[in-house]
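So that the names make sense, note that chain A is the first sequence line, chain B the second, and so on, each numbered from 1. Only heavy atoms go into these numbers, but all of them, side chains included; no hydrogens, no water, no symmetry mates.
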Amino acid sequence: MPNSAKDTVTSRRSNRSALVYGGALALLLALTQTVTPSVYADDQPQADESKAIRRLNEQIQELQTKVKELEARLNSVTGTTPRAAVETSAAANAPEEVTPPPAAPPSAAQELQDNNPAPRVMLHMFGDVGYEASGQKGETNSFYIGTLDLFMTGALTDRVSVLGEVLFTPEDNNAVGVDVERLLLQYKHNDYFNFSIGRYHSSIGYYNTAFHQGEWFQTTIDRPFMYAFDDQGGFLPLQEVGVTINGQIPSGNLGLNYVAEMGNGRVHLLGAEPAQNFQDTNNGKSFNFALYSRPSWMPGLQTGFSIYHDYLTFSNNINHDELISTAYVVYTSSHYEFLNEGMLVRHTGAETGGRGVFHTPGFYTQFSRRFGKYHPYFRYAYVNAGVAEPIYGDPSDGPVVGRRNGPSFGLRFDLNDHSAFKLQYNHLAQRGVNSFNELLTQFSFAF
Amino acid sequence: MLKLILLATLTLSLIVSCTRLLTASEALMEVDVVVNNSNKIGPLSREEVRRIYVGEKSSWPGGKRITVLMLALDQRERVVILREVLKMNESDYTKYFLQAAFTGRIQAAPKDLSSPAQMKARLAANPNAIGYLKREDVDESVRVLLKIR
């Protein structure tokens with residue numbers, strides 16, 4: 001018993017001494033944290049830099065000797081080498097890091113070169129592949145290739161540029177179709193006025209302006225119902241051929257921006273070519289106006305609305321008035337994505353040419369939080385087009401929109417800054433069809 | 001048991017200290033946002049500099065286009081600008097400019113320069129350029145618009 005008591009005392013003492021030593025060590029580490037950074041921050045890099053400079057100077061001397069030898073050889077061969085050319089080559093060989101040039105007077109040539117780059121094309125490539133399993137009757141589980149997207153931009157002058165986007169899209173019959181998704185000639189006058197003409201993605205709501213065809217950009221695998229593209233059952237005029245102007249509105253901290261668009265609109269048949277590329281079916285043009293705010297007092301917040309109007313002309317010359325209103329509040333940051341949008345489509349005129357007003361509401365909410373390379377997300381989407389809807393409800397005119405609603409859960413994993421793997425579960429309920437589940441995977445990339 | 005806990009605490013503290021030491025060099029660095037000496041623009045706020053760097057403001061008050069300059073990936077000043085002004089990390093920055101180009105808002109990301117000396121030379125040559133330098137690299141050839149830290 002006494003031995004046991006002694007052991008306990010010894011053990012307590014050793015614990016106490018360990019605590020004291022540990023505390024002292026922790027204090028030392030804390031001091032190291034506060035004192036040493038300035039030492040480490042400056043001395044080591046300076047020593048490295050001076051070594052590097054010495055090494056580079058030696059290399060320059062070697063290069064200069066070689067250049068002189070080459071000059072001598074060249075002069076002996078040609079006899080009349082222009083001096084300026086040799087000076088240029090020598091200058092090109094000298095690394096700028098070693099000898100900072102003296103402050104030169106502002107050069108108009110450099111300014112011109114910076115602001116008027118020689119016309120060249122910048123090419124980006126986006127794509128995705130994956131596997132999807134669906135519980136829907138008639139659907140088979142399949143591997144698939146998504147859209148291969150070639151995106152090009154080129155500056156003609158400092159104010160005029162061209163944007164082009166060509167898609168290679170797999171179709172229902174397993175063939176691959178080619179589509180000019182966007183082709184825009186852009187003129188940027190200043191931050192308050194930009195003008196573009198060509199084929200573009202209409203500024204309806206937020207999603208269609210923030211996310212285009214490149215699946216890599218969006219957190220989820222697919223788009224919300226209301227922003228689905230035409231080949232995926234979409235029904236909004238998301239693509240247009242026409243003109244668009246946009247810019248900022250001087251508004252201080254409110255950060256207001258506007259977009260005004262006028263285009264051909266689209267044909268009334270869903271599932272047809274989404275934009276009238278060459279010829280409009282009527283003389284009436286579609287108009288869209290959007291206004292949004294990005295307040296500087298809350299970076300990442302954007303809120304706005306859009307109003308779109310067009311006349312859809314059927315083959316029997318019956319005109320249907322189409323008015324699409326959207327409103328949204330979104331917040332995006334490094335770690336969070338919270339998107340909320342609602343829409344209301346209003347069509348007038350019954351299919352038979354009689355009177356009638358038909359409303360189609362829709363909304364979605366999407367939330368994602370980033371944990372390192374992982375982005376778990378949730379979305380709920382809803383759209384409800386009436387059975388008698390003249391544009392969205394007639395099966396002879398294309399796919400029926402009907403009612404669709406359901407949640408989606410998923411996880412995005414960023415493999416690096418240019419590729420991501422996504423896994424998503426959908427539960428979809430539709431009017432007149434049994435609800436079903438889907439499991440989707442996707443590997444998407446961007447270069 | 002207590003020893004184990006103590007050891008784990010100390011190890012954790014050591015790891016945290018080392019990590020902080022590694023990032024301290026950027027944390028202590030003082031960076032100035034600068035323009036050519038002939039550019040008469042007044043001091044800018046962080047928000048104004050952020051708007052210029054993300055392409056939301058593309059011209060000076062006189063109407064001249066702003067040439068935005070960045071230092072290359074391996075430069076420590078870049079980390080300070082990204083974190084303190086743009087509130088982004090390198091991944092966010094890459095994605096932002098790829099997306100901005102894809103939406104047609106901008107043509108390309110700011111020009112990357114390989115060294116502060118190159119930055120200084122470019123600023124000296126272009127009166128409409130904006131860039132940044134470590135405070136000890138700042139001299140009379142440039143004008144400071146914003147001091148960071």
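Contacts between residues 42-58 of chain B and chain A, counted as heavy-atom pairs separated by less than 4.5 Å, involve B:Glu47, B:Arg51, B:Glu56, B:Lys57, B:Ser58. The contact list for residues 294-301 of chain A toward chain B, using heavy atoms and a distance under 4.5 Å, reads A:Arg294, A:Ser296 by residue number.
Taking each heavy atom of A:Ala446 and B:Leu98 in turn, the nearest pair found is CB-CD2, 4.0 Å. The minimum heavy-atom distance between A:Leu163 and B:Ala101, with the atom names listed, is CD1-O, 4.3 Å.
Contact of A:Asn257 with chain B is not made at all, since no heavy-atom distance falls under 4.5 Å. If you measure heavy-atom distances from A:Phe126 to chain B, the contacts under 4.5 Å come from the side chain alone. Contact annotation for A:Ser333: neither backbone nor side-chain heavy atoms come within less than 4.5 Å of a heavy atom of chain B. For A:His418, the part lying near chain B is the side chain, with the backbone staying farther off; criterion is any non-hydrogen pair under 4.5 Å.
Note that the OG1 atom of B:Thr67 and the CG atom of A:Asp158 stand 9.5 Å from one another [nearest 0.5 Å]. Atom NE2 of A:His335 sits about 8.0 Å away from atom CG of B:Asp92, to the nearest 0.5 Å. For the atom pair A:His212 NE2 and B:Gln99 CD, the distance stands at 8.0 Å (nearest 0.5 Å).
Comparing B:Ser59, B:Ala100, B:Ser91, B:Pro116 by how many heavy-atom pairs each has under 4.5 Å with chain A, the most go to B:Ser91. The most heavy-atom pairs under 4.5 Å with chain A, out of B:Asn89, B:Thr103, B:Val142, B:Thr94, come from B:Thr103. Among the candidates A:Gln213, A:Gln186, A:Arg182, the residue making the largest number of heavy-atom pairs closer than 4.5 Å to chain B is A:Arg182.
The number of heavy atoms from other shown groups lying within 6.0 Å of CZ (A:Phe193) is above 12.
A perpendicular orientation is assigned to the rings of B:Phe102 and A:Phe151, their planes being inclined by more than 60° (bins at 30° and 60°).
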